[in-house]
2 protein chains.
Amino acid sequence: MTTMANMEDHPAPPGAPAERAGPAESGVEATRLSLIEAGLKLFGSKGFEASSTREIARTADANIASIGYHFGGKEGLRLACAQHVASHIWKIASAAAALARFPQDDNSPSPDQARAAVLTFAGAMVRGILGDERTLPMIDFVIREIANPSPTLDMVYRSVIDPMHRRVCGLWGLATGRDGESEAVRLAVFAAIGQIMYFRIAREIILRRMDWSGYDEAAIAAIAGEVVACVEASLDRLSPGGRTGEAS
Amino acid sequence: MTTMANMEDHPAPPGAPAERAGPAESGVEATRLSLIEAGLKLFGSKGFEASSTREIARTADANIASIGYHFGGKEGLRLACAQHVASHIWKIASAAAALARFPQDDNSPSPDQARAAVLTFAGAMVRGILGDERTLPMIDFVIREIANPSPTLDMVYRSVIDPMHRRVCGLWGLATGRDGESEAVRLAVFAAIGQIMYFRIAREIILRRMDWSGYDEAAIAAIAGEVVACVEASLDRLSPGGRTGEAS
DNA sequence: TGCAATTAATCAGTCGTTTGATTAATTCAA
DNA sequence: TTGAATTAATCAAACGACTGATTAATTGCA
């Protein structure tokens with residue numbers, strides 16, 4: 001948890017009541033959560049500008065004015081959605097990290113251990129981004145935010161993207177015997193992530209060309225195999241005893 | 001040219017005058033082209049819904065009503081932008097293909113020739129998508145359209161994406177000795193394209209993490225090196241006996 | 001003159017936001 | 001335990017601003 005960014009230092013949106021430290025399931029917060037989920041769904045599928053506050057309120061089964069009351073406005077709801085996604089994705093990533101047997105902060109794993117962890121994590125990422133129906137609205141939301149630089153993106157970057165990327169880079173470095181913060185490693189990690197994300201972004205096109213009706217288990221297995229193989233090749237290339245020559 | 005989709009069979013947008021076969025620089029078409037370029041720029045940078053017709057007209061230095069007159073409306077301008085992009089990207093891709101010494105339709109190149117063509121093409125794609133300032137609005141426009149399935153996307157897919165993907169797959173198949181339309185090859189090509197596209201989509205994040213101020217020549221060279229190495233590894237993996245080039 | 005192109009002005013509709021009223025829940029002196 | 005006072009939350013309704021689209025009048029070239 002040492003690399004996790006502090007998520008408490010983001011100011012509450014104007015007009016929002018003080019954060020309740022007590023139970024959040026009290027039913028009073030139901031409207032708040034419902035609006036966030038509706039915003040997440042609509043912002044992710046149609047985009048921020050294309051989603052009207054009326055449709056959000058209708059989807060959340062709430063009154064239009066509740067958006068202004070709880071979040072100060074549409075932009076405040078956007079930020080609240082980002083915060084919701086940030087905390088949630090971090091949990092998912094932590095679970096994936098645990099599944100991949102990420103090294104603890106204290107003991108350094110062997111290169112083989114690190115390599116196995118990277119490969120397992122890559123497969124988990126594919127399934128988490130493409131397969132898990134519950135996280136899809138969040139992934140789509142983040143993808144939209146990535147394309148539109150905004151204060152919301154800053155928050156997601158600092159609280160999720162940057163610490164996760166650093167962590168994977170560290171592991172990547174251990175697996176290849178290189179400095180995890182070297183340019184080559186940072187770039188290789190982005191290239192791998194890009195492969196996975198694009199399968200989500202260009203979903204409609206890929207399904208069409210692959211003649212798939214959706215990302216079922218077989219499709220995800222095929223994609224995961226492709227990605228993992230590519231990661232493996234990238235690890236080999238950066239390792240001192242790799243089989244192919246260095247790139248120019 | 002046998003694989004090139006016919007770009008003439010797309011219906012003209014309602015209200016648009018018949019396509020001029022003669023000179024398009026005649027000054028009469030200046031407004032039309034100016035509107036398309038303004039739409040391309042705004043749709044690509046802010047999104048379709050976030051771009052108002054008034055801002056488009058102002059950017060194009062034209063009257064608001066000219067959008068309706070020339071394209072039938074905002075949606076018509078969107079389609080016209082897509083057509084403009086389709087024809088333009090096809091030219092660029094053809095140039096890149098020529099640069100990569102794409103095989104002609106009649107003679108089958110050797111696996112080594114095909115391999116070299118794929119690698120050269122990959123590098124050209126990186127530079128065309130990330131480096132060329134003139135094509136950036138078009139790339140951004142296509143990326144936005146890809147995220148929002150629409151009739152416009154259908155046109156771009158059929159006229160550009162599908163034929164180009166098939167062509168690369170064919171070459172990829174020749175380089176690896178596999179069927180270019182096999183699932184493995186089609187998937188590998190999408191994975192490679194995804195790497196490149198993500199470097200554009202997540203530009204702001206990548207620049208931040210890489211500590212770059214922009215995609216200058218050094219950055220693009222680094223990205224191209226990463227992508228080409230990944231493509232090389234993918235080709236090796238799909239080839240029956242590894243990299244040794246035996247003729248089949 | 002004839003017609004394609006452009007212009008200013010206006011249309012009905014939707015946008016995000018705000019209002020004042022109303023209900024539900026909580027507080028606190030008596 | 002009462003009952004009035006306060007607060008939190010929701011509601012229908014409306015606000016001004018802006019949306020895309022359309023009109024009728026005007027321009028300018030052939």
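Proteins get letters first, then strands, A, B, ... in listed order; numbering begins at 1 in each. Computed from a predicted model, the values in this text were never measured in an experiment.
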Atom-pair distance ([atom1] on [X]; [atom2] on [N]), nearest Å:
| X | N | atom1 | atom2 | answer |
| --- | --- | --- | --- | --- |
| B:Glu29 | C:dT6 | CD | C1' | 14 Å |
| A:Ile56 | C:dT17 | CD1 | C1' | 13 Å |
| A:Arg78 | C:dG16 | CZ | P | 12 Å |
| B:Phe71 | C:dT6 | CZ | P | 10 Å |

Can you list every pair that meets salt bridge (charged side-chain N to carboxylate O under 4.0 Å, His left out) and has a residue in [range], with sequence neighbours left out?
| range | answer |
| --- | --- |
| residues 77-97 of chain A | A:Glu75-A:Arg78, A:Arg78-A:Glu145 |
| residues 189-208 of chain B | A:Asp154-B:Arg208, B:Asp140-B:Arg200 |
| residues 124-136 of chain A | A:Asp132-A:Arg134 |

Does B:Lys74 make a cation-pi contact with B:Phe43, if we ask for NZ or CZ under 6.0 Å from the ring centre and within 45° of the axis?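 Ring-cation test returns no.
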Could you list the residues that satisfy salt bridge (charged side-chain N to carboxylate O under 4.0 Å, His left out) with A:Arg209, not counting sequence neighbours?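 Result, salt bridge (charged side-chain N to carboxylate O under 4.0 Å, His left out) vs A:Arg209: B:Glu181.
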Would you mind building the protein contact string for nucleotides 11-26 of chain D? One character per nucleotide, 5' to 3', B for base within reach (heavy atoms under 4.0 Å), S for sugar-phosphate only, - for untouched. BB-B----BBBBB---
Partner residues of A:His84 under the side chain to side chain donor-acceptor pair (under 3.5 Å) criterion, sequence neighbours left out: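 For A:His84 there are no side chain to side chain donor-acceptor pair (under 3.5 Å) partners, ignoring immediate neighbours.
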Five-pair end axes of the helix from C:dT1-D:dA30 to C:dA30-D:dT1, angle between them (10°):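 Between the first-five-pair axis and the last-five-pair axis there is 20°.
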By ring-ring contact (aromatic ring centres under 6.0 Å, His included), which residues pair with A:Phe199, not counting sequence neighbours?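 Residues passing ring-ring contact (aromatic ring centres under 6.0 Å, His included) with A:Phe199: none at all.
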Can you tell me if B:His70 touches the phosphate of C:dA4, counting only side-chain N or O atoms and a distance under 4.0 Å to OP1 or OP2?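 False: B:His70 side-chain N/O out of range (4.0 Å or more) of C:dA4 OP1/OP2.
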Indicate every side-chain donor-acceptor pair of residues 55-63 of chain A with a distance under 3.5 Å to a residue at least two apart or in another chain.
unit_1  : atom_1 : unit_2  : atom_2 : d
A:Glu55 : OE1    : A:Lys46 : NZ     : 2.8
A:Glu55 : OE2    : A:Lys46 : NZ     : 3.4
A:Thr59 : OG1    : A:Glu55 : O      : 2.7
A:Asn63 : OD1    : A:Ala65 : N      : 2.9

